[in-house]
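Note that this is a predicted model, so its numbers are computed, not measured.
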Amino acid sequence: MKKIYSLLTILVLLLNANCFAESGANAQENQTRISTNGIYHVTVDSWLKPLLLGRMHAWTAEIRTQDGKPVTDAKIKVGGGMPIHNHGFPTQPEATKQIEDGQYLIEGIKFSMPGPWVLFLDITANGKTDSVAFDITM
């Protein structure tokens, strides 16, 4: 009986410690991924920190080639949503402007409920199209 009590105590302590750790959403404010076909290296970064439910978010997307050069004049389609609920964002996020070479502003992202979200970017530049996805857990 003492062993079970000890194991339960350890489990409760671990669960409580996890509650005070950095949340998954906060750890995902800045992410870098390589696009599906390896054409682009993309870093997204939220302007709103920490990430919050029910608020409008603006993000930057930094897009570079395989050799690290900034990708200019890209056309970016923004999509995503909650795959487990089979719905998109409650807003219409879009890439609104190029801030500087290789850096783009994405506006209109809103996470309306807790759970796993996906942010998709379809990128076309210099005749090459590729996509990248970012997992965000709220």
Side-chain heavy-atom pair Asp73, Gln98 within 4.5 angstrom cut-off: yes
Kindly give the heavy-atom pair with the smallest separation between Tyr104 and Val71, and that separation in Å. OH-O, 2.7 Å
Do Gln31 and Ile136 come within less than 4.5 Å of each other through their side chains, counting heavy atoms only? yes
Looking only at side chains, do Thr96 and Glu107 share a donor and an acceptor under 3.5 Å apart? yes
Could you tell me the separation between the OG atom of Ser112 and the NE2 atom of His85, rounded to the nearest 0.5 Å? 9.0 Å
Taking every heavy atom of His57 against every heavy atom of Ser46, the minimum-distance pair comes out as ND1-OG, 3.8 Å
Using ring centroids (six-membered ring only for Trp), state whether Trp117 and Phe134 fall under 6.0 Å. no
Using side-chain heavy atoms (C-beta onward) and a distance below 4.5 Å, is Ile106 in contact with Leu121? yes
Please confirm whether the backbone N or O of Glu62 pairs with a side-chain atom of His41, one donor and one acceptor, at under 3.5 Å? no
Candidates Thr60, Ile63, Asp45 - the one meeting side-chain contact (heavy atoms from CB on, under 4.5 Å) with Gln103: Thr60
Linking I/L/V/M/F/W/Y whenever their side-chain heavy atoms sit closer than 4.5 Å, directly or via other members, would Phe89 and Leu53 fall into one cluster? yes
Any donor-acceptor pair under 3.5 Å from Thr72 side chain to Asp101 backbone: no
Would you say the side-chain atoms of Ser35 pair up with the backbone N or O of Ile39, donor to acceptor, closer than 3.5 Å? yes
So do the side chains of Leu119 and Ile109 get within less than 4.5 Å of each other, counting heavy atoms only? yes
I need the minimum non-hydrogen distance between Trp47 and Leu105, along with the two atoms involved. CZ2-CD1, 3.5 Å
Could you tell me whether the side chain of Val132 reaches within less than 4.5 Å of the side chain of Phe120, counting heavy atoms only? no
Grab the two heavy atoms, one from Val78 and one from Ala95, that are nearest each other, plus how far apart they are. CG2-N, 3.7 Å
Would you find a donor on one side and an acceptor on the other, under 3.5 Å apart, between the side chain of Asp130 and the backbone of Asn37? yes
Do Met113 and Met138 belong together in a cluster built from hydrophobic side chains that touch within less than 4.5 Å? yes
Can you measure from CZ (Phe111) to CZ (Arg55) and round to the nearest 0.5 angstrom? 13.0 Å
If we ignore hydrogens and angles and just use 3.5 Å, is the side chain of Tyr40 paired with the main-chain N or O of Ser131 as donor and acceptor? no
How far apart are the closest heavy atoms of Pro83 and Pro116, and which atoms are they? CD-O, 4.0 Å
Do the side chains of Thr43 and Asn30 get nearer than 4.5 Å, heavy atoms only? yes
